[in-house]
Structures are given as C-alpha cells and as structure tokens.
Number of protein chains: 2
Amino acid sequence: MDIKIIDVARTAKVSPTTVSRVLNNSPLVKQRTRDSVLKVIEELNYVPHAAAKNLRLQKTMTIGIIVSDIKVSYNADIVKGIQNKAYSEKYKIVICDTQNDMEIEREYLRLLMDRSVDGLILIATMLTEQEITGIADRGYAVGIIGRSIEHDKVLNVHTDNVKAAKEAVEHLIAQGHREIVFLSGYPNAKDSFDRLEGYIKALSAHDIPFRPELVENGNFNKSGGYEAIKRLTFKGALFTAVFSANDEMALGVYEICHEMGRTIPEELAIIGVDNDRVSKYLSPSLSTIDQPKYEMGFMLADKLIRYMNGDFKQPRLTILESRLLIRRSSDYPRKGISSSE
Amino acid sequence: MDIKIIDVARTAKVSPTTVSRVLNNSPLVKQRTRDSVLKVIEELNYVPHAAAKNLRLQKTMTIGIIVSDIKVSYNADIVKGIQNKAYSEKYKIVICDTQNDMEIEREYLRLLMDRSVDGLILIATMLTEQEITGIADRGYAVGIIGRSIEHDKVLNVHTDNVKAAKEAVEHLIAQGHREIVFLSGYPNAKDSFDRLEGYIKALSAHDIPFRPELVENGNFNKSGGYEAIKRLTFKGALFTAVFSANDEMALGVYEICHEMGRTIPEELAIIGVDNDRVSKYLSPSLSTIDQPKYEMGFMLADKLIRYMNGDFKQPRLTILESRLLIRRSSDYPRKGISSSE
DNA sequence: TTGTATGCGTTATCAC
DNA sequence: GTGATAACGCATACAA
C-alpha cells in the first residue's frame with residue numbers, strides 16, 4: 001500500500017493539515033515543524049496522490065494535445081515547443097495522435113472531456129468550428145495551430161501564409177518562371193488555402209494571368225504530389241516551376257521527376273513549405289518556407305497557460321514570421337531573364 | 001459548473017448507483033431504465049469526472065513515456081507504436097521529453113510517481129539500474145526500450161544488436177573492405193556496445209585483426225560523427241569504410257567527406273543504424289540497419305498493458321528481428337575482390 | 001501556529 | 001433491479 005498524508009502526519013506527530021501546508025509551502029508553519037515533516041516525507045518517500053489532489057483542486061496541471069501525426073517533423077517541432085513550455089510551468093502533456101483520422105480525433109476529444117486535462121491544443125485539426133468552440137464553451141482552454149477560429153475563447157498562433165507564399169512565388173517569378181504550378185493540400189485546409197491566395201497575389205502583382213488548370217491537389221502527402229504532377233503531365237500542361245503547399249508533396253515531385261528524367265532545378269524549379277528535416281538533405285536541396293514551429297508551440301503553450309491562470313486580456317491571436325529558404329531546387333535563373341525583371 | 005452523476009440521477013429519477021451501473025455496462029439494470037438514463041446522459045452531455053474515477057479505482061488508464069528526444073525519428077516511431085496500442089486498449093499516454101538531460105529525466109520521474117500513470121515506458125533512458133528497478137518496486141509497471149535490465153518486474157523489447165552489426169560489417173568485408181572504422185555512441189549505451197561487439201565478431205570471423213585505433217566515439221549525433229572522422233584523418237588513420245552506430249552520426253560523416261572531397265561510396269563506404277527517415281533521401285542513399293521501431297513500441301505497450309492487468313507470466317523479454325538495408329553508400333566493391341571472398 | 005471536519009465525484013458494499 | 005452510504009486521499013474553512 002502506498003504512503004498517504006495521514007501516515008506522514010502520524011510519524012511526524014502532526015496533523016495532515018500541517019503536512020499539507022508543508023507540501024504546499026504555506027508560510028504559516030514553524031520552521032522546526034517544517035523541517036521535521038520534510039524529513040519524514042523524505043524517509044517515507046511520500047508522494048501526494050495525483051487523483052486526490054486533482055479532485056480536490058479541480059485541475060490536473062495537464063495539457064492535452066491532439067495532433068494529426070506525431071511523426072511528421074512539422075508536428076514534432078510544435079509538440080516539442082509546447083512540451084518545453086509546459087515543463088517549465090510544471091504542466092504535463094498528453095499526446096493524442098489521430099493518424100489523420102477524423103473519427104479517431106473525435107474519439108480522443110470525447111476521451112479528454114473528462115477533466116483529465118485543463119486545456120487542449122489542436123494541431124492541424126479536422127474538427128468543425130462548432131466542435132472546437134464547443135470545447136471552449138465547456139470551460140476548457142483551447143489553443144489551435146494551423147487554422148484560424150474566430151472565437152474569443154480560442155487561442156491562436158500562426159504565420160502569415162499569404163505573405164510567405166507570395167514571397168516564395170515572387171522568387172520563382174524573379175527566376176524567370178511564368179508557368180508555375182500550385183500544389184494544394186487538403187481541400188479544406190486553411191493553410192493551403194492561404195498559400196493559394198499568396199500564389200495568386202504574386203501572379204497578379206506581376207501581370208501573370210492566373211490559370212486554374214495549374215492548380216492541382218496533392219493532399220499534403222508524398223504520393224499526392226507524385227500523382228498531381230503525373231496528372232498535369234498527362235494532360236499536357238506546360239510548367240517550369242512548382243510551388244508545393246508543403247515539403248512532403250515535394251518529395252513526390254522529386255520522385256516523378258527522377259522517373260521522367262526531368263532535372264531539378266534546370267528543367268523544373270520547386271519550392272515547398274515547412275522546412276521538413278529531410279528537405280535540406282535532398283538532392284538538390286529543397287527551397288522551402290521555414291515556419292518557426294518550435295516557437296509556435298512554445299508561444300501557444302504560453303498563451304494557454306496564462307489563460308488557464310486567469311489572464312484573459314492577452315491577444316487571442318499571435319502571428320509569427322516565417323522565412324523563405326532559397327536552396328538549390330529553385331536556384332537556376334531561366335535564360336534570357338535578368339535579375340531586374 | 002459541470003454536470004455530475006447526481007444531476008443525471010435526479011433528472012432521470014434514479015439513484016447515482018443506477019447511473020453508474022449504466023455507465024459501466026452492468027448487466028443488472030433493466031433495459032427500460034438503462035434507456036432512459038442513457039437519454040438523460042446524452043441530453044445533459046454528461047462525462048464522468050476522471051479524477052474522481054481515478055481516485056476511487058486507483059488507476060488512471062494512462063501510460064507515461066519518458067523519451068530522450070521526441071524529434072528523433074527513431075523515438076517518434078516507437079512512441080507511435082506505443083500510442084496506437086494504448087489507444088486500442090483505451091489507455092492514454094503522457095509524453096516526457098528529457099532533451100537528453102539526466103536531471104530533467106529525474107525530475108519527470110519524480111513528477112510521475114504521483115500515481116498519475118499506471119505504468120511507465122523508458123526509451124533510451126540514462127537512469128541507473130537501481131533507479132529503474134526502484135520504480136517497479138513502487139508498484140509501477142515498467143517497460144524499457146534501448147537497454148537491458150535484469151529484473152523480473154521490468155519488461156523489455158529489443159533487437160539483437162550484436163547479430164545485426166556483425167551482418168552489416170560482414171557486408172562491408174564482402175565488398176573488400178578491411179580497414180573499417182567503428183563509430184560508437186554514448187560510452188555507456190548498451191546499443192552501441194553491442195554493435196561494437198558485433199563489429200569485432202565480424203572482423204575475427206574473417207581473420208581481420210581488431211584495431212582499437214579505428215574505434216572512435218561520436219556520441220550518437222551528427223557533429224560527433226563529423227569530429228570523429230576529422231580526428232581519425234588528422235591522426236593519419238587509413239580506412240575505406242565506416243560502420244556508424246546510428247544514422248545521425250553518418251550525417252556528419254557525409255558532411256566531412258563532402259568538405260574533404262572524399263566520395264561515397266567509391267572512396268569511403270558507410271553503413272548506419274536506425275533507418276532514419278532522412279537516410280534514404282541522402283546522396284548517395286545510406287545503407288543502414290532497419291529496426292522494427294513501431295513494432296517494438298507496439299509490442300512493449302502490449303506487454304505492459306497485459307502486465308498491468310495481471311498477466312505476470314508472459315516472457316519478460318522479447319527480441320525482434322532487424323534487417324540490413326543495402327543502399328548506395330556501401331554498394332561499391334573494392335577492386336581486385338571477387339564476390340567469393 | 002496547529003488541528004478538526006468537510007467535501008471534491010465516483011464506485012462498491014450492503015440492504016431492500 | 002434498485003438505492004443509501006462509505007471510502008478513495010487531499011486541501012481548506014473554521015476552530016482553537
């Protein structure tokens with residue numbers, strides 16, 4: 001049987017209350033008493049029982065994280081940021097990996113509505129806006145990454161995807177490209193949608209007509225990227241560059257280019273998004289948009305913890321800067337184009 | 001305020017006991033009653049309070065995972081395996097990322113001794129054997145990956161590192177290599193030690209003298225691998241192949257080879273261990289030993305859950321097979337050597 | 001400065 | 001089949 005507070009109290013010849021006070025650093029316990037209690041705690045190896053404490057205090061010092069796939073380095077970076085902030089504030093984290101399955105995500109959500117966490121962070125969630133605000137209405141602190149929710153109880157950190165995408169596409173344009181493919185992610189992903197908007201803005205800023213047939217869906221994964229380029233090629237589309245809404249899809253583009261003998265960047269330039277761990281090891285190294293993933297996780301955890309502790313006045317939304325990393329996959333000016341264009 | 005079991009009981013005009021019975025699928029409640037209670041639960045959106053349940057039942061249906069770095073793809077794979085098994089058995093997981101810091105690891109361990117988890121899995125832990133068995137003695141189920149502990153309460157899953165390493169080195173020998181460097185990990189890491197043993201066995205099986213000066217430490221990380229090869233080269237050591245105790249160090253070898261203009265595999269062959277996500281994307285692709293990481297996590301979680309539910313008769317230790325993946329980094333026979341050698 | 005008594009929300013024991 | 005009640009281990013209001 002485990003040691004309980006009453007056992008400590010008895011061997012230290014004080015009341016449970018006093019032991020509790022020592023445990024919680026209450027100032028109103030005499031130094032001598034404190035020392036002797038501390039000694040007994042040490043001797044008996046006493047640890048307060050979490051469930052009892054949680055029940056009494058009505059909080060768990062735990063943050064739940066619902067994430068689509070912990071193996072994706074983008075997600076892992078974010079989780080790491082959350083984790084480190086949480087640790088520094090004495091919070092624990094429970095991870096729920098949904099494997100991109102909406103039913104599993106719902107199931108986890110149900111599982112977490114039992115007050116076993118004080119707050120919840122959703123990374124690239126597929127839940128409806130209504131479901132998300134519902135969590136907040138139930139009294140949970142909610143933070144989101146990878147989507148925008150307009151609700152005064154939902155905290156939010158993201159980067160300006162429109163701006164970053166525009167910058168990336170403008171870089172391609174500056175290299176002399178005019179037929180640029182946009183590879184999109186899940187149809188309803190806000191990230192992907194914003195990047196499309198940036199793509200269109202870049203084109204229009206340089207008087208290049210937007211051609212919907214150059215937009216192809218790749219579902220954010222490698223085979224999706226592969227198939228998308230295959231489809232475009234099969235349709236006879238002509239293009240000299242690809243802006244992929246994430247690096248993962250770019251991997252598929254590399255693969256099919258390799259199969260078709262189309263060289264990167266000479267015959268096809270490409271830029272991804274995420275600065276995935278593999279991107280710099282590819283041949284050629286992949287240009288990409290680097291988002292401050294770790295910081296996003298860290299900041300969101302910070303906001304969430306503040307919120308859980310009563311600070312409701314902080315900004316609901318924080319926007320961080322991402323930056324374009326030009327690597328070899330897009331570093332090849334088309335002939336006849338000077339840098340002044 | 002949250003809805004409690006008493007609220008459900010009142011609006012359903014039954015006792016809390018009956019509601020509890022319905023919740024826990026007790027057979028001794030009339031179908032009519034069950035239905036009406038279920039309806040009220042649905043209407044009120046009632047969810048049982050975890051802390052109260054945990055306190056009463058003295059268990060949390062939660063597994064704690066202490067891991068050195070969740071970003072390392074090797075660890076992420078294992079965690080994913082654990083997670084999936086846990087989910088299927090209705091367990092949650094809390095992740096503690098120690099960032100390879102022993103003090104943080106200890107701190108987390110303390111944090112988890114409050115009965116907030118029913119069992120604990122340690123991945124590549126740096127704790128002493130005594131500390132680990134201490135956890136088991138406190139009544140926690142304990143599982144370990146990446147190390148062997150002889151204790152009848154500590155569950156264990158790993159691969160035969162000696163055998164796998166021997167096979168890898170023999171592949172290099174078959175390619176005509178005789179001066180083979182072994183890049184070791186942390187000095188006290190069992191994995192690394194076993195791989196060294198396999199390396200030595202392979203040499204001896206082919207009458208190649210073991211030369212301690214070809215063993216160099218790289219601390220399991222990229223810069224360690226880089227520095228190790230630098231040191232060896234500086235000392236004037238001659239070698240045509242490297243067996244690296246993990247892929248991460250091999251990245252450093254790639255880097256310094258690139259700087260020194262030494263081509264892989266023609267001038268230096270290399271094999272790693274882990275089948276890290278990046279390994280196949282490198283140029284040239286990296287030969288490596290693939291461990292069934294996901295399965296290891298999955299199986300260990302399975303064992304742990306069984307153990308927590310009273311099955312103490314299962315084998316304490318399970319050994320899984322790993323396999324050698326020959327890729328381009330080691331695929332270049334030395335001249336004058338026939339495959340019969 | 002310390003101690004006593006109560007309640008957090010649930011499940012299990014026992015009685016009806 | 002169903003219900004009243006005690007207990008899980010802790011922190012706090014109130015008393016001393």
Side-chain angles (χ1 to χ4, degrees), chain A residues 1-38 40-41 44-62 90 111-118 138-139, chain B residues 1-38 40-41 44-62 90 111-118 138-139:
Chain A
M1 199 47 212
D2 283 0
I3 304 290
K4 317 185 271 197
I5 199 170
I6 183 74
D7 302 315
V8 176
R10 276 205 262 268
T11 65
K13 299 195 200 318
V14 294
S15 74
T17 309
T18 300
V19 178
S20 175
R21 288 199 180 102
V22 171
L23 250 15
N24 296 291
N25 293 311
S26 162
L28 29 78
V29 46
K30 198 164 56 176
Q31 190 59 39
R32 257 183 62 85
T33 322
R34 176 185 305 281
D35 290 342
S36 79
V37 169
L38 246 18
V40 173
I41 289 175
L44 299 185
N45 236 310
Y46 167 71
V47 180
H49 194 287
K53 206 167 167 167
N54 294 347
L55 179 57
R56 179 62 230 239
L57 262 28
Q58 296 291 25
K59 65 173 181 177
T60 60
M61 298 297 282
T62 304
K90 307 223 173 283
L111 215 60
L112 291 180
M113 297 311 280
D114 64 358
R115 294 283 153 196
S116 58
V117 299
D118 300 334
R138 268 182 171 254
Chain B
M1 200 46 214
D2 283 0
I3 304 292
K4 316 185 271 199
I5 199 169
I6 184 73
D7 301 315
V8 176
R10 275 205 261 268
T11 64
K13 297 194 201 317
V14 295
S15 74
T17 308
T18 300
V19 178
S20 176
R21 287 200 180 99
V22 171
L23 250 15
N24 297 289
N25 293 313
S26 161
L28 29 79
V29 46
K30 197 163 56 175
Q31 190 59 42
R32 258 184 60 86
T33 322
R34 177 186 306 282
D35 290 343
S36 80
V37 170
L38 247 19
V40 174
I41 289 175
L44 299 186
N45 236 309
Y46 166 71
V47 179
H49 194 288
K53 206 168 167 167
N54 294 347
L55 179 58
R56 179 63 230 231
L57 263 28
Q58 297 290 27
K59 64 172 183 178
T60 60
M61 298 299 282
T62 305
K90 306 221 174 285
L111 214 61
L112 292 180
M113 297 312 280
D114 64 358
R115 294 283 152 197
S116 58
V117 298
D118 300 334
R138 267 182 172 254

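Proteins get letters first, then strands, A, B, ... in listed order; numbering begins at 1 in each.
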Q: Can you pull out how bent the helix from C:dT1-D:dA16 to C:dC16-D:dG1 is, comparing the axes over its first five and last five pairs, to 10°?
A: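 The angle separating the two end axes equals 40°.
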Q: Report the residues that fulfil side-chain hydrogen bond (donor to acceptor under 3.5 Å, both in side chains) with B:R56, sequence neighbours left out, ordered by chain and then residue number.
A: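 In terms of side-chain hydrogen bond (donor to acceptor under 3.5 Å, both in side chains), with neighbours along the sequence ignored, B:R56 is linked to no residue.
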Q: B:L55 has an atom CG; how far is it from atom C1' of D:dA7, in whole Å?
A: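 So the two atoms are 9 Å apart, to the nearest Å.
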Q: Identify, with sequence neighbours excluded, every residue that meets side-chain contact (heavy atoms from CB on, under 4.5 Å) alongside B:N24.
A: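 Result, side-chain contact (heavy atoms from CB on, under 4.5 Å) vs B:N24: B:S20, B:K53.
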Q: Does D:dA7 have OP1 or OP2 under 4.0 Å away from a side-chain N or O of B:Q58?
A: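 Answer is no, no contact under 4.0 Å.
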Q: When you measure from the side chain of B:T60 to the backbone of B:N54, do you find a donor-acceptor pair of N or O atoms at a distance under 3.5 Å?
A: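 Here the side-chain-to-backbone pair does not exist.
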Q: Treat primed atoms plus P, OP1 and OP2 as sugar-phosphate and everything else as base, then score nucleotides 10-16 of chain D 5' to 3': B for base contact with protein heavy atoms under 4.0 Å, S for sugar-phosphate contact only, - for none.
A: BBB----
Q: Could you work out which one of C:dT2, C:dC8, D:dG3 sits closest to the side chain of A:T18?
A: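 Output: C:dT2.
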Q: Is there a side-chain contact between A:Q58 and B:D2 in this structure, where contact means two heavy atoms from C-beta onward sitting under 4.5 Å apart?
A: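 Result no, sub-4.5 Å side-chain heavy-atom pair not found.
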Q: List the residues meeting salt bridge (charged side-chain N to carboxylate O under 4.0 Å, His left out) with B:D114, not counting sequence neighbours, and say none if there are none.
A: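 Testing B:D114 for salt bridge (charged side-chain N to carboxylate O under 4.0 Å, His left out), a comparison that skips the adjacent residues, returns A:K92.
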Q: Check side-chain hydrogen bond (donor to acceptor under 3.5 Å, both in side chains) between B:S26 and all other residues, then give those that pass, not counting sequence neighbours.
A: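 B:S26 satisfies side-chain hydrogen bond (donor to acceptor under 3.5 Å, both in side chains) with no residue once adjacent residues are dropped.
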Q: Report the residue from A:L23, A:V37, A:V40 that forms a side-chain contact (heavy atoms from CB on, under 4.5 Å) with A:Y46.
A: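 For A:Y46, the side-chain contact (heavy atoms from CB on, under 4.5 Å) test succeeds with only one of A:L23, A:V37, A:V40, which is A:L23.
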